[in-house]
J.: 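This is the structure I have questions about; it appears just below.
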Amino acid sequence: MIRQGELLEQVHAYNPGADDKLLQRAYDYGERMHGDQKRVSGEPYFSHPVAVANILTGLRGDLATIVTALLHDTIEDTEATYEEIQQLFGEEVATLVNGVTKLTRLELSSEDSAQAENFRKLLIATANDVRVLLVKLADRMHNMRTLSCLEPESKRLRIAQETMDIYAPLAGRMGVQGFREELEDRAFQYLNPEAHDALKERLQGIRDESGQTIHAITRQLQNHFAEADINATVSSREKGLYAIWKKMERKSISLEQLCDITGFRIIVSAVEECYRALGIIHCTWQSVPGRFKDYISTPKANGYQSIQTTVIGPERQRIELQIRTRDMHQIAEYGIAAHWAYKENANTALAKNMTKQFGLLRQLVEMLKRDETPEEFLEHTKLELFQDQVFCFTPKGRLIALPQGATPLDFAYAVHTRIGDTCVGCRINGRHMPLRQTLQNGDEVEIIRSRAQAPMRMWEKIVKTGKARSAIRRALRKHQDEEEVYLGRRLLEAFFEQAGQRLSDQLLERVLATMRKSSIRALCAAVGRGEIPAPKVLDTVYPQTAGKSGGNKSERQASMPAIRGVRPGITTHFAEGVFPVPGDRIVGIFTPGEGVVIYPIDSPKLRAFDNQPERWNDIEWDTQNNTNAVFVARLEMVQLDEIGSLNSITSLIADYGANIVNLRLQRNESSFCDVQVNIEVRDLKHLNKIFSALQGLSVITQLRRISG
């Protein structure tokens, strides 16, 4: 365990003005409060807070962060209280310790839903002061370094998976790349031990073989810069094991085929020297096309700045190089933690650049507060955390950072949700392009809008960002609710009108308790979705009409039509489940006790009477006496599951003077719905006009009539 004096020396190395007495009091207090507590490994428990503090000195954390690390488990695991820490160490430290305590109590579980929910709380809790998250990351780092002591294996695997999914990407986005690489490598060791050990062994062999080459390249670079009077520090750096493994998997290549296992870092004093150094390198060695990135003029969202290039070096080997200033190196190495090293110089370009890193957390918090389910949030956040970025511009020059593979729809929603919702097209670099187009670095994107536009379900498959997908789902839910309420209200009005009654909110309020609905809007939506049949609502409001009005009319004719060919005194009615209308050929089957049962001539049910010719009656419609009658026809269709599609269908039917008496809707796939609708028509000619018009709707992919 690191002693108090050693910790003080490490803090003073980068913060000579640190308050020794405060740090000593925190060390003594933490050691006293944890007392005889032991870790699973058998070490004194206080060795863990000290190790966390030591890790944070490597990030040059400010004094409050180091003190918080020493005390971060006292409220959770000892008799210490918030009030006591506040009295002894001040409000700032007490607030930070309390924040870390809350995160510890939100330990992530293995179930996805619980993991996402806790991650939601984790980010909300840390959004106000990122130092809380830095302490938590250092806490996870030390736990990963000592994970081998933990039993059982299932718990080790769960913690390793959490680290890979949550903490390592978070460290990367905060710019603490050293944290990210070590967390990934240590998680990789437990999640895929065979691959980890084999890769480690093979990498050692390659390292032994290429050692002299690396030294030669370093000396050559230093000599070139010295000749040009550039004060540069040149060092080599090896990729992490997990980063190497991931690249091998992604490109399906062997370790020997990788050309960038070792990269070179060049650190200079000023920005102009970065470009001078780049010129020297490209004049010395041939550059590899497509492998140049200037993150100085266009920094990454987490504040990272460097020039990255790849050249063909000695012995025709590819060499990856990073060129940056010392200030840029501070940000690249320490990420968001470097903020406190420069907070006293708030007007410097570096300090202003550091504030950009807080933008990511603010965006995530804004998104997670709107998402409906924890699973959606985890899905979106993983997308945001893992993907690299592309930088595009608005026509006015505003820079928009998006994940790799983003589309113009993602761009539109990144600018503003309202712009995304009303997007109908785009121009990329002045050319009309589809909304599915993948954006590239440097694209200028102009969004074409229309007030009549609304998000479509297929957009979910196009977008890549969590913000866009979240906004689309919210809009779809809202429009779907509106459509269901509208349709349900129309169905209720139609049934009440058939029964000679007028629908009103006062009448519907009578049945809310019976139907177990909280509002009239919820009741209408349930009717529109088909959860509650409209006749049932009518029968509940007017019990005396039960069995007379709604239930039968939804399935068969509103009134029995006049039929020719049936002897006077014999009753007629339609067979169950058939829907003929005047103009269809029909036949009657005499049935004892029921009279003449009417079927369409092509009904499969007639096969049952093939051997009973004496029961068949030749009948026909009496069109002269049916002038005011309406008849129920049934249509089945497959429609696109888009906003407004159902409304376009019901509006068309209404425009042709037909009334909907029953409707059932069921989603069969992500983008389609099966719809069954019963409509009242005058005759076959009337039905055919409606059928032809429906066939012309782009939202209908299949349509057929069910006559029975």
Side-chain angles (χ1 to χ4, degrees), residues 14 60 175-178 210-239 259-335 338-339 341-342 345 347-357 388-391 393 397 399 401 440-442:
Y14 65 88
R60 301 190 176 191
V176 194
Q177 297 300 332
S210 60
Q212 293 301 320
T213 303
I214 291 172
H215 290 309
I217 294 172
T218 302
R219 285 195 303 270
Q220 190 172 352
L221 285 169
Q222 289 173 332
N223 292 336
H224 282 305
F225 295 142
E227 292 172 2
D229 197 25
I230 296 176
N231 181 18
T233 301
V234 182
S235 60
S236 62
R237 182 176 175 278
E238 193 176 86
K239 277 184 179 288
C259 61
D260 58 348
I261 295 176
T262 301
F264 292 85
R265 181 172 296 150
I266 299 151
I267 300 175
V268 296
S269 301
V271 173
E272 57 269 20
E273 290 184 344
C274 292
Y275 293 98
R276 286 181 61 203
L278 176 67
I280 291 171
I281 292 168
H282 281 185
C283 288
T284 304
W285 294 307
Q286 180 184 354
S287 65
V288 177
R291 299 286 295 172
F292 171 76
K293 295 177 182 177
D294 186 351
Y295 291 121
I296 292 181
S297 62
T298 308
K300 287 189 176 183
N302 63 5
Y304 172 86
Q305 287 184 290
S306 284
I307 294 174
Q308 296 180 186
T309 187
T310 302
V311 298
I312 306 297
E315 301 179 13
R316 303 298 297 172
Q317 288 187 342
R318 285 193 177 194
I319 305 172
E320 281 198 352
L321 302 105
Q322 293 176 334
I323 310 170
R324 60 176 69 142
T325 67
R326 289 175 176 81
D327 286 344
M328 294 172 189
H329 183 63
Q330 290 283 343
I331 296 176
E333 288 298 293
Y334 306 120
H339 171 74
Y342 300 96
N345 301 312
N347 293 323
T348 64
L350 178 64
K352 291 177 181 177
N353 188 36
M354 289 304 303
T355 62
K356 294 180 181 179
Q357 300 190 55
D388 205 352
Q389 302 218 311
V390 294
F391 298 89
F393 297 87
L399 183 65
Q440 304 296 326
N441 272 318

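Keep in mind that this is a model prediction, so the values were computed, not measured. We number each residue from 1, following the sequence as shown.
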J.: As a test of understanding, state which of R324, Q177, M328 forms a side-chain contact (heavy atoms from CB on, under 4.5 Å) with Y304.
T.: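 Only match with Y304 under side-chain contact (heavy atoms from CB on, under 4.5 Å): R324.
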
J.: With a 4.5 Å heavy-atom cut-off, do P314 and I319 have their side chains touching?
T.: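 P314 vs I319: side chains touch.
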
J.: Looking at residues at least two apart in the chain, or sitting in another chain, which of them share a side-chain contact (heavy atoms from CB on, under 4.5 Å) with Q440?
T.: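 T438, D443.
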
J.: Show me the side-chain donor-acceptor pairs of residues 213-225 shorter than 3.5 Å, one per line, residues at least two apart or across chains.
T.:
unit_1, atom_1, unit_2, atom_2, d
T218, OG1, I214, O, 2.9
N223, ND2, R219, O, 3.2

J.: Which residues satisfy the side-chain hydrogen bond (donor to acceptor under 3.5 Å, both in side chains) test with T325, sequence neighbours excluded?
T.: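 Not a single residue meets the side-chain hydrogen bond (donor to acceptor under 3.5 Å, both in side chains) criterion with T325.
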
J.: Does CD in E238 sit with more than 12 non-hydrogen atoms of other residues, nucleotides or ligands closer than 6.0 Å?
T.: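 Enclosed: over 12 neighbouring heavy atoms sit under 6.0 Å from CD of E238.
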
J.: With side chain to side chain contact (heavy atoms under 4.5 Å, CB included) as the test, would you mind laying out the steps for W285 and I312 before giving the verdict?
T.: CA-CA 6 Å; W285 294 307; I312 306 297; 5.8 Å; no

J.: To the nearest 0.5 angstrom, please state how far the CD1 atom of I296 sits from the CD1 atom of I307.
T.: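 So the CD1 of I296 and the CD1 of I307 are separated by 4.0 Å.
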
J.: Between I266 and I230, does a side chain to side chain contact (heavy atoms under 4.5 Å, CB included) hold up when you go through it step by step?
T.: CA-CA 11 Å; I266 299 151; I230 296 176; over 6 Å; no

J.: For a quick test of reading the model, state the closest non-hydrogen atom pair linking V268 to A232 and the distance between them.
T.: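 Taking every non-hydrogen atom into account, CG1-CB, 3.8 Å.
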
J.: For E320, run the salt bridge (charged side-chain N to carboxylate O under 4.0 Å, His left out) check against K293, R291, R237, R265 and tell me which one passes.
T.: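 Exactly one pass, corresponding to R291.
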
J.: Which residues pass the salt bridge (charged side-chain N to carboxylate O under 4.0 Å, His left out) test with R276, not counting sequence neighbours?
T.: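 Testing R276 for salt bridge (charged side-chain N to carboxylate O under 4.0 Å, His left out), a comparison that skips the adjacent residues, returns none.
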
J.: For a quick test of reading the model, state the closest non-hydrogen atom pair linking I281 to V311 and the distance between them.
T.: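 I281 and V311 have their closest heavy atoms at CG2-CG1, 3.9 Å.
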
J.: Using the test side-chain hydrogen bond (donor to acceptor under 3.5 Å, both in side chains), find all partners of S269 that sit at least two apart in sequence or belong to another chain.
T.: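 Only R326 meet the side-chain hydrogen bond (donor to acceptor under 3.5 Å, both in side chains) criterion with S269.
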
J.: State the SG-CD distance between C274 and Q305, to the nearest 0.5 angstrom.
T.: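 One finds 9.0 Å between SG of C274 and CD of Q305.
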
J.: Got a sec, which residues hit side-chain hydrogen bond (donor to acceptor under 3.5 Å, both in side chains) with D294, two or more places apart in sequence or on another chain?
T.: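 Scan of D294 (side-chain hydrogen bond (donor to acceptor under 3.5 Å, both in side chains), adjacent residues dropped) gives Y275, S297.
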
J.: Supply the atom-to-atom distance Q308 CD to F292 CZ, rounded to the nearest 0.5 angstrom.
T.: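 Between Q308 CD and F292 CZ, I get 10.0 Å after rounding to 0.5 Å.
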
